[in-house]
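Only one structure is covered here, and it is reproduced in the block below.
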Amino acid sequence: MDIRYEPGRIEKKWQEHWEKNNFYKVTEDEKKPKYYALEMFPYPSGNLHMGHVRNYAIGDVVARFKAMNGYNVLHPMGWDSFGLPAENAAIKHGSHPAKWTFANIDNMKIQLKTLGISYDWDREVATCHPDYYKFTQWMFLKLYENGLAYKKSAAVNWCPSCQTVLANEQVVEGCCERCESKVDKKQLEQWFFKITEYAQRLLDDLEKLPGWPDKVKTMQKNWIGRSEGCQFSMAIEGHDEKLTVFTTRPDTVFGVTYRVLAPEHPLVSAITKGTPQEEEVTAFINQIKLVSDVDRSSNELEKAGVFTGAYAINPMNNEKVPIWIANYVLMDYGTGAIMAVPAHDQRDFDFAKKYDLPIRVVIQGSDTPDKGELSEAYSGEGFMVNSGSFNGLSVTEGQKQIIDHMERNSIGNGTINYRLRDWLISRQRYWGAPIPIVYCPHCGPTPVPYEDLPVLLPEDVDFKITGESPLNYVESFYKTVCPACGGEARRETDTMDTFVCSSWYFTRYCDPANSNLPFDSDKANYWMPVDQYIGGVEHAILHLMYARFFTKFLYDIKMIDSQEPFSNLLTQGMVLKDGAKMSKSKGNVVSPEEIINYYGADTARLFILFASPPEKDLEWSDQGVEGSSRFLNRVWRLVHDYMPELKDITEEINPESLNKVDKSLYYKIHATIKKVTEDIEERFNFNTAISAIMELTNQLNSYREVKDKNKALLKLAIEELLILLSPFSPHICEELWQSIGNQDSIYLQSWPKYDPEALVLDEVEVVVQISGKVKERLRVPANASKDEMTQLALNSPKIKQLTNGKNIVKIIVVPNKLINIVIK
RNA sequence: GCGGAUGUGGCGGAAUUGGCAGACGCACCAGACUUAGGAUCUGGCGGGUAACUCCGUGGGGGUUCGAGUCCCUUCAUCCGCACCA
């Protein structure tokens with residue numbers, strides 16, 4: 001064994017060894033408990049960044065730990081490889097998206113392999129590969145078949161720079177999530193997935209995910225945005241049409257003093273046409289159109305509106321109330337129309353004040369003034385007033401009875417409203433999975449038969465920047481025959497949102513080579529659900545919601561037994577440098593490749609796991625990396641120097657007969673096993689697990705000074721140290737494990753179990769406090785009774801002196817910890 | 001505006017059930033070895049103080065024998081949502 005630690009040499013050696021011997025290859029095995037460890041697969045941008053390293057290092061600790069604990073561990077990796085950057089690169093550099101993407105994958109795969117992660121590379125998937133997107137298309141057809149994929153004309157978010165449609169979720173503060181340009185509105189025929197049909201289940205089943213962070217569950221809950229209330233219609237004076245409103249406060253329906261439509265509401269033109277107000281209303285609508293979505297949704301914007309000239313009849317009291325249109329009512333929530341109750345809704349209140357509309361109190365709160373004007377809307381508890389026969393009812397009771405009354409009289413009914421919208425999946429781009437639909441002049445939209453999948457992307461494409469998909473220009477692609485009637489037909493040229501591809505990839509890993517089905521149900525049922533999913537919190541809403549939706553759908557069509565894809569979720573923090581996210585523009589990027597080349601993967605992994613607990617942000621520190629490297633060097637030297645002592649050991653350890661120093665080392669070994677095991681398994685506190693391993697190393701270093709070394713104990717200590725460290729820094733541990741005479745890989749060792757007996761101490765140090773202040777430390781027999789402890793404390797000279805002549809009010813004893821003597 | 005998270009030495013962070021604040025690491029200081037040290041080893045390292053000791057977990061208040069931890073209040077930073085009827 002070399003005295004010098006050379007990570008470059010040994011890491012390569014072991015990576016090759018693992019690969020050659022198929023170490024991380026797994027198949028279903030009913031005899032072992034399964035464990036599915038998964039990290040979010042990356043977009044193949046071409047280079048690994050520190051965020052990836054962190055993500056995969058965390059996942060690898062979990063995977064290796066579980067494997068060493070006897071689990072049959074599935075730990076796969078793949079590529080989320082469709083998407084815009086490939087196409088942009090194609091436009092810019094004239095290369096083909098496929099060529100660009102696969103070259104990036106090759107490069108990133110090499111980088112990833114230098115990290116020494118325990119992946120089963122035989123299960124690698126790439127979403128842009130026809131073998132994969134064949135089944136993304138299969139998913140589309142299944143959804144279509146089940147009425148969950150449909151087409152409609154919709155005002156969509158259009159990114160003028162990317163030249164494509166964005167889902168609501170991809171619009172961040174009115175700007176494109178990817179390129180940050182301002183998003184426009186455009187009216188287009190688009191494909192949608194009916195995720196709203198699953199809204200309630202997606203909400204309810206959050207309860208079944210105790211292994212998810214509350215933060216993520218709350219975000220999803222808010223995104224689904226369930227609210228209970230009722231919907232009812234109001235007649236419009238002089239018109240046949242009725243207006244439907246949604247409200248969560250039916251109890252305030254007698255307080256309606258006006259009503260408001262969204263400016264985009266389809267009835268606006270009908271009720272204003274040919275009236276004196278038409279001009280003003282049109283002007284207002286045009287003015288609204290000029291305001292961007294960003295400003296429109298900002299609360300800085302002052303409420304504004306105009307009267308339409310029309311009146312609605314309140315079905316509860318037959319009152320005539322004016323109909324307005326206003327900027328604060330949104331077309332895409334509820335019915336795009338509200339009943340306005342200024343006394344009990346702050347927004348209506350502000351509007352009513354501005355335009356001098358009447359305000360009528362219908363809920364009497366405890367401090368509602370009898371006379372005089374309200375200064376703000378009252379939305380608290382109280383009882384109904386000015387509400388005819390409903391007077392005196394509480395808010396909750398009133399809501400029930402009003403809904404009841406409306407249902408009996410066919411005015412309206414109780415409903416539940418969600419903020420969640422259907423998922424717009426059409427993209428006018430080339431580099432995505434083609435939507436498997438054919439438009440036939442006779443048969444209409446017709447699905448491509450399953451046996452004709454995949455609908456392949458044509459390779460010879462011209463990447464012009466037009467508003468349309470480049471596929472619109474490839475005749476050989478769009479010109480086709482109708483699968484139903486055989487007549488001439490045109491293929492759909494839109495492709496699917498890449499989130500579709502990533503909504504089911506975790507099931508494909510279970511059976512990656514299946515050419516008939518996306519996966520075999522038995523195989524998927526063996527592995528699914530994912531036991532631990534790890535990735536960035538930025539996917540808390542979109543990806544995770546879509547993946548949950550797909551899983552529920554796959555459950556419904558009996559492909560899979562799980563209703564949820566990910567039992568446990570860990571959202572890792574960002575990797576920062578100088579307090580900011582690493583980015584090219586800030587010039588604070590640290591390249592994993594350079595770090596690995598210089599220090600080795602083991603050091604890089606160790607530092608990143610040691611610097612911070614996984615869910616918190618991590619501040620990159622070059623000096624910290626240096627420290628981790630120093631630690632591994634220390635371990636190396638320790639093993640190297642002790643090696644001669646570890647040979648030909650015949651004696652066994654008899655814990656009973658150990659001397660004091662040996663006993664303390666023996667204790668430390670088991671305490672470390674306990675600490676590291678619990679830190680990994682229960683808390684993902686890798687940083688404290690590593691610090692415990694460092695403590696053991698320190699103690700082993702001090703053991704060098706000991707004259708009569710217990711060699712068996714020493715050997716045990718070093719073996720356990722290496723095993724405990726191996727999930728974090730596997731290469732060096734393999735090498736050292738082998739160098740102390742072991743034939744088998746360290747990865748094949750069982751994870752050690754601590755001996756509770758070893759953790760029983762003869763004596764413990766306890767603290768003696770006087771009125772809560774520490775005054776003395778005493779060594780007392782372990783598990784001494786409260787009385788014994790009290791006596792020992794009171795008899796100690798220092799305490800005697802301090803309590804002399806004082807009145808002892810109370811003595812509190814915490815066994816094995818402390819004695820607090822309260823004096824006056 | 002609403003919701004959530006965080007706040008502990010010079011720095012990253014520990015303290016798992018209300019029980020010794022600062023584990024482990026970095027930086028720094030002193031020493032050893034050395035031709036040399038940006039290697040390695042040993043020791044020190046929250047603040048005030050010569051010392052006894054006192055103060056100290058963003059600020060203020062409270063509960064408790066005892067609070068980083070629980071309660072109230074306030075400030076700062078970050079994240080999510082943003083007129084959701």
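Lettering follows sequence order; numbering is per chain, from 1.
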Close side-chain approach of F607(A) to Y599(A), heavy-atom, < 4.5 Å = no
Gap between atoms NZ and P, on K577(A) and rG12(B) respectively (whole Å) = 15 Å
Paired with rA39(B): which nucleotide, if any, by Watson-Crick or G-U wobble criteria at under 3.5 Å for both distances?
-> none
Would one find a side-chain N or O of K773(A) under 4.0 angstrom from OP1 or OP2 of rC55(B)?
-> yes
Whom does rG56(B) pair with, Watson-Crick or G-U wobble, provided both distances fall under 3.5 Å?
-> none
Set of residues satisfying side-chain contact (heavy atoms from CB on, under 4.5 Å) with respect to L794(A), sequence neighbours excluded = T790(A), I808(A), I811(A), I821(A)
Does the side chain of V625(A) reach to within under 4.5 Å of the side chain of S629(A), using non-hydrogen atoms?
-> no
Among rA14(B), rA85(B), rA23(B), the one nearest S691(A) by side-chain distance = rA23(B)
Does K303(A) get its side chain close enough to the base of rC83(B), under 3.5 Å, for a donor-acceptor pair?
-> yes
Complementary nucleotide of rG80(B), counting Watson-Crick and G-U pairs under 3.5 Å = rC2(B)
Nearest whole angstrom, please: distance from the P of rU40(B) to the CZ of F631(A).
-> 14 Å
Classify the side chain of K775(A) versus the base of rU53(B) as yes if they form a donor-acceptor pair under 3.5 Å and no if they do not.
-> no
